[in-house]
Student: 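A single structure is presented below for examination.
Keep in mind it's a predicted model, so treat the numbers as computed, not measured.
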Amino acid sequence: MRDISFGQYYPVSSFIHNIDARIKILVTLLFMITVFFIVSYTAFVFMFFLLALVIAISHVPYKIVLKTIKGILFLLIFTALINIFFTSSGNVLIPIRMGQLVINITDQGINFAVKMALRFTLLVLGSSILTLTTTPTELTDALEYLLKPLKLIKIPVHDLAIIMSIALRFIPGLVEETDKIMMAQKARGANLDSGNLFKKIKAMLPVLIPLFVSAFRRADELADALDARCYNASTTRTKMKVFKIKASDIIMFICFAAVMTAILLDKYYVGVFVTAPDLNGFEVQGLDIFIYNIFNRIG
């Protein structure tokens, strides 16, 4: 559990840390939307290169960012297998016969599985950069500012922002508490690491029950602390730090808008108006068409 880094802030001075939190949230949302428009492997490589560049500028160690992938590793494998075994379009590469049931592994299934895994990885890495370079307080204030228009329809924006901030602050505490409980159970002779999947799930029950009790106790103590300090007693709360848009913030937003435009052009211009080569049913999209033509001419 110590390897989980999502939701934790990495305190260091960098250009990415100093960017306005509102801009970082908007860029992260645009990034997540853009990921679902990527169709070519060339664009995937470009987005991973862009993320690596952002991580280098943020001075956050790559090891810490990559730890977030561990949390979705099972989901990545599961979705990949679903796409591989239940996609029937494309050329059959490996036919699997189980009695009367025939499952065909096709090139399109492998293509969909790889692209889905890459999308999940980009989503997790992009969101982890946001939380690693932005304090929970900045996230709360930025979300409250961006959601201000919802106040017109009587939605408690401030309360929603506080709830999200508290949830982010609870993640490191719950991770630490889980680690302590697991070490205590192991010291009492509990076997949490061996056995099949079902035995491991059953062995986690002695960990989950005290973890839930601890979480509810912390929530109750936090509520009492907020009441004791008369939190939200005033409807006109002020901010210790006031957001100010800098030139660097605008430049970053414009740069990412250009990246998003390039991805959309890759999908809707290159993929539609450029003739794709015939590869016996295997679909080549976007900039991959140009890469294929270049290697085809060289060969």
Side-chain angles (χ1 to χ4, degrees), residues 5-39 43-44 46-60 64-65 68 72 118-153 155-169 171 237-268:
S5 58
F6 182 80
Q8 301 185 28
Y9 174 69
Y10 188 82
V12 69
S13 178
S14 71
F15 173 77
I16 303 298
H17 283 72
N18 295 329
I19 291 175
D20 192 293
R22 296 169 295 178
I23 300 297
K24 282 192 279 189
I25 291 176
L26 289 176
V27 168
T28 303
L29 290 175
L30 289 176
F31 173 81
M32 291 180 174
I33 295 171
T34 303
V35 165
F36 289 99
F37 287 93
I38 300 176
V39 294
F44 276 114
F46 173 75
M47 293 301 283
F48 275 106
F49 173 78
L50 182 64
L51 272 180
L53 182 62
V54 171
I55 295 170
I57 296 174
S58 69
H59 297 161
V60 178
I64 293 179
V65 180
T68 57
I72 64 163
L118 292 175
R119 285 192 178 96
F120 271 118
T121 304
L122 286 173
L123 289 173
V124 173
L125 292 178
S127 58
S128 65
I129 293 173
L130 172 65
T131 56
L132 286 168
T133 60
T134 314
T135 64
T137 302
E138 290 176 342
L139 282 175
T140 301
D141 294 341
L143 283 172
E144 184 178 356
Y145 184 90
L146 294 174
L147 297 176
K148 272 185 179 180
L150 296 180
K151 290 183 178 180
L152 298 175
I153 55 177
I155 293 180
V157 173
H158 178 73
D159 294 340
L160 291 176
I162 288 297
I163 291 171
M164 188 167 294
S165 174
I166 292 174
L168 288 174
R169 287 179 179 273
I171 291 175
R237 296 184 59 85
T238 59
K239 305 291 184 184
M240 186 178 71
K241 293 183 179 179
V242 180
F243 287 122
K244 292 182 180 180
I245 297 292
K246 305 182 292 293
S248 58
D249 302 328
I250 299 175
I251 292 173
M252 179 184 177
F253 186 81
I254 293 174
C255 289
F256 189 80
V259 171
M260 186 176 183
T261 303
I263 296 298
L264 293 176
L265 288 174
D266 181 41
K267 178 180 175 65
Y268 292 108

Student: Taking all atoms of both residues into account, what is the closest heavy-atom pair of Ala21 and Ala142, and its distance?
Tutor: CB-CB, 3.7 Å
Student: Just wondering, do Leu150 and Leu147 contact through their side chains at under 4.5 Å, heavy atoms?
Tutor: yes
Student: Looking at residues at least two apart in the chain, or sitting in another chain, which of them share a salt bridge (charged side-chain N to carboxylate O under 4.0 Å, His left out) with Arg119?
Tutor: none
Student: Tell me, with the steps shown, if Asp266 and Phe37 meet side-chain contact (heavy atoms from CB on, under 4.5 Å).
Tutor: CA-CA 9 Å; Asp266 181 41; Phe37 287 93; over 6 Å; no
Student: How long is the straight-line distance from OG of Ser58 back to CD1 of Ile19, given to the nearest 0.5 Å?
Tutor: 10.0 Å
Student: Any idea which heavy atoms bring Ser128 and Leu125 closest together, and the distance?
Tutor: OG-O, 2.7 Å
Student: Which heavy atom of Thr133 sits nearest to which heavy atom of Tyr9, and what is that distance?
Tutor: C-CE1, 3.6 Å
Student: Locate the shortest heavy-atom distance separating Val60 from His17; write the atom from each residue and the value.
Tutor: CG2-CE1, 4.0 Å
Student: For Lys246, which residues count as a side chain to side chain donor-acceptor pair (under 3.5 Å) partner, sequence neighbours excluded?
Tutor: Asp249
Student: Just how far is it from atom CG of Leu26 to atom CZ of Phe31, taken to the nearest 0.5 Å?
Tutor: 15.0 Å
Student: Would you give me the side-chain donor-acceptor pairs under 3.5 Å for residues 252-264, sequence neighbours excluded?
Tutor:
| from | atom 1 | to | atom 2 | distance (Å) |
| --- | --- | --- | --- | --- |
| Thr261 | OG1 | Ala257 | O | 2.8 |

Student: Which of these passes side chain to side chain contact (heavy atoms under 4.5 Å, CB included) with Leu132: Ile64, Val12, Ile16?
Tutor: Ile64
Student: Ignoring hydrogens, what is the shortest heavy-atom contact between Leu146 and Ile25? Give both atom names and the distance.
Tutor: CD1-CG2, 3.8 Å
Student: Assess whether side-chain contact (heavy atoms from CB on, under 4.5 Å) is satisfied between Phe44 and Leu122, documenting all intermediate values.
Tutor: CA-CA 9 Å; Phe44 276 114; Leu122 286 173; 3.8 Å; yes
Student: Can you confirm whether Val65 sits close enough to Tyr10 that some side-chain heavy atom of one is under 4.5 Å from a side-chain heavy atom of the other?
Tutor: no
Student: List for me each residue that meets side chain to side chain donor-acceptor pair (under 3.5 Å) alongside Thr121, sequence neighbours excluded, and say none if there are none.
Tutor: none
Student: Which value, rounded to the nearest 0.5 Å, describes the distance between Thr34 atom OG1 and Met47 atom CE?
Tutor: 6.0 Å
Student: Mind jotting down which residue pairs meet the salt bridge (Lys or Arg N to Asp or Glu O under 4.0 Å) criterion with at least one end in residues 24-35? Sequence neighbours excluded, please.
Tutor: none
Student: Under the side chain to side chain donor-acceptor pair (under 3.5 Å) test, which residues partner Ser248, sequence neighbours left out?
Tutor: none
Student: Kindly compute the distance separating NZ (Lys148) from CG (Leu143), expressed to the nearest 0.5 Å.
Tutor: 13.0 Å
Student: At what distance, to the nearest 0.5 angstrom, does OG1 of Thr68 lie from CG of Leu123?
Tutor: 11.5 Å
Student: If you look at every heavy atom in Ile38 and Ala43, which pair is closest and at what distance?
Tutor: CG2-CB, 3.6 Å
Student: Rounded to the nearest 0.5 Å, how far does OG1 of Thr134 lie from CG of Leu139?
Tutor: 5.0 Å
Student: Run the side-chain contact (heavy atoms from CB on, under 4.5 Å) test on Arg22 and Ile245 for me, step by step, so that the C-alpha distance in whole Å, both residues' side-chain angles and the decisive distance to 0.1 Å come before the verdict.
Tutor: CA-CA 9 Å; Arg22 296 169 295 178; Ile245 297 292; 3.4 Å; yes
